[in-house]
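Nothing here was measured: the structure is a model prediction, and the numbers come from that model.
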Amino acid sequence: MVSRRPDVAEPDNPSPAPDIPSFSSEPSRVGLIVGWGVGILVLGGLVGSILHFGDLRLFIVTMESADSQWLGAALVVQLATYVCAAAIWGRVMARAGYRKQFSDLLCLAVVELFANQAIPMGGLSGSVMVVRGLINRAVPSPIAITALLIAAISYYAAYLLVAMIAFAMFWYSGDLTDIWFSLSIAFVGVVILIAAVLLLVAHSRGRLIPGSMRSWPPVARIAEALAKVRRDLVSDGIVLAEATALQAAIFLLDAATLWLALRAIGVETAWSDALICFVLASVVATLSPLPLGLGPFEGSCVGLLHLVGVQVEMGLAATLILRGFTFWLPMLPGLWLIRREGRKGGVL
């Protein structure tokens, strides 16, 4: 049950919850099918190409002989990422004076990940669904929308931080080629631009949207939602620092999952190498036009692992195990949870 501290100031614009857009229209479904189809074809072609030059039997034996104890440890680490994701929303709401059962936030964290993967829109689809879920749980829309923006801002701040660390480690190892240097510049530019836009949107509360565009219903709904942003929370250094630390922890835990996947198939490598490979492969996937990074992430991760001394077949096996934990594993519970939320009227 949500508790309310009496000493917290009321939002600037108390009003009914805005009409948060949904993503259930037929055109979006067609785009989803096409996007997934292209991504899976690229991934399948990549795996086939790698195995064409590698040893298929070694790959199969490697997958079959994966140590269940190390895989169990990887599962625990992945579950910790959901705890961190839920804690971000929880910390923002607690700072605003609202508290929610952590189990509810964990369910919404799974819904967010599933939605981001099922409807790839740069993370927007999952965030919107979580906002609708929070509002359905009696969290005021200004707090839910503010939590959305803080989560997004902190994500890009943490992403930039861990990517710069990974690029620096890659440079120190002597493997930072001109191509990777160019990618690092492009990535930094894109992330800083996105973060700056998010901060501008949060502090302007939608006032920068031209009046002529507000006549279009979707833009009008977005402007209405942005008008509710709690600028005091967005400007709170403690909230942003906590959220950024939790987002960075998610990146580190994902890298740890890759390291544990390598250990599961008998490959001993430094955790720092796994961090470099995971983060830089994520950068390539982020800059890729393909949905979900299917193909570019796997190819980059296998190539980077090979660069640090891992056999191609082993690198592919570890990467696919990682993808299994981070991408495919949440699908079934995510589908069930999102249908349950839909029956509550929360996110669909």
Side-chain angles (χ1 to χ4, degrees), residues 70-95 99-100 102-117 123 126-127 130 146-170 187 191 194-195 198 233-234 236-263 269-283 285-286 293 297 301 318 321-327 329-330 333-334:
W70 287 108
L71 293 177
L75 175 61
V76 172
V77 168
Q78 269 304 296
L79 293 177
T81 64
Y82 295 100
V83 174
C84 291
I88 294 170
W89 298 86
R91 289 304 303 152
V92 175
M93 290 189 294
R95 193 71 173 175
R99 299 188 182 277
K100 198 78 187 75
F102 198 72
S103 58
D104 265 355
L105 297 179
L106 276 175
C107 290
L108 289 177
V110 178
V111 167
E112 180 181 30
L113 178 60
F114 171 79
N116 286 339
Q117 293 174 165
S127 298
V130 171
T146 302
L148 160 67
L149 280 173
I150 290 176
I153 293 168
S154 61
Y155 168 80
Y156 286 106
Y159 199 178
L160 182 61
L161 175 63
V162 297
M164 289 299 94
I165 292 174
F167 276 119
M169 294 168 66
F170 203 41
F187 172 77
V191 170
I194 293 174
L198 287 171
L233 291 176
V234 176
D236 192 321
I238 295 177
V239 171
L240 289 174
E242 290 175 343
T244 301
L246 288 167
Q247 295 281 17
I250 294 174
F251 281 102
L252 299 180
L253 289 168
D254 282 336
T257 304
L258 175 59
W259 181 77
L260 289 167
L262 288 164
R263 294 302 302 267
T269 187
W271 180 82
S272 58
D273 287 339
L275 175 65
I276 292 172
C277 295
F278 172 78
V279 174
L280 297 192
S282 298
V283 168
T286 298
F297 175 86
C301 193
I321 290 173
L322 169 69
R323 272 299 212 182
F325 279 117
T326 60
F327 184 81
L329 186 64

Could you tell me whether the side chain of [Y] reaches within less than 4.5 Å of the side chain of [X], counting heavy atoms only?
| X | Y | answer |
| --- | --- | --- |
| Trp89 | Ile150 | no |
| Arg323 | Phe297 | yes |
| Val83 | Phe102 | yes |
| Cys301 | Phe278 | no |

Distance from [X] atom [atom1] to [Y] atom [atom2], nearest 0.5 Å?
| X | Y | atom1 | atom2 | result |
| --- | --- | --- | --- | --- |
| Leu253 | Leu246 | CG | CG | 10.0 Å |
| Leu240 | Ser154 | CG | OG | 7.5 Å |
| Met169 | Leu280 | CE | CG | 9.5 Å |
| Leu148 | Ile153 | CG | CD1 | 9.5 Å |
| Trp259 | Cys277 | CH2 | SG | 14.5 Å |

Contact summary for [X] and [Y], nearest pair of heavy atoms:
| X | Y | result |
| --- | --- | --- |
| Tyr82 | Ala109 | O-CB, 3.9 Å |
| Ala151 | Gln247 | O-NE2, 3.0 Å |
| Ala163 | Val279 | CA-CG1, 3.6 Å |
| Leu105 | Gly90 | CD1-CA, 3.7 Å |

For [X], enumerate each residue passing the side-chain contact (heavy atoms from CB on, under 4.5 Å) test, keeping only those at least two apart in sequence or located in another chain.
| X | result |
| --- | --- |
| Leu161 | Ile165 |
| Ala249 | Cys84 |
| Leu71 | Ala66, Ala264, Ile321, Phe325 |
| Ala157 | Thr244 |

By the salt bridge (Lys or Arg N to Asp or Glu O under 4.0 Å) test, which pairs, at least two apart or in different chains, include something from [range]?
| range | result |
| --- | --- |
| residues 157-168 | none |
| residues 238-262 | Arg91-Glu242 |
| residues 148-162 | none |

Practice problem: Could I get the full list of ring-ring contact (aromatic ring centres under 6.0 Å, His included) partners for Tyr159, not counting sequence neighbours? | Solution: Tyr155, Phe187, Phe251
Quiz prompt | side chain to side chain donor-acceptor pair (under 3.5 Å) involving Thr257 - partner list, sequence neighbours excluded | solution = Gln78
Show which side-chain atoms of residues 269-276 pair as donor or acceptor with protein atoms under 3.5 Å away, not counting sequence neighbours.
{"from": "Thr269", "atom 1": "OG1", "to": "Asp273", "atom 2": "OD2", "distance (Å)": "3.4"}

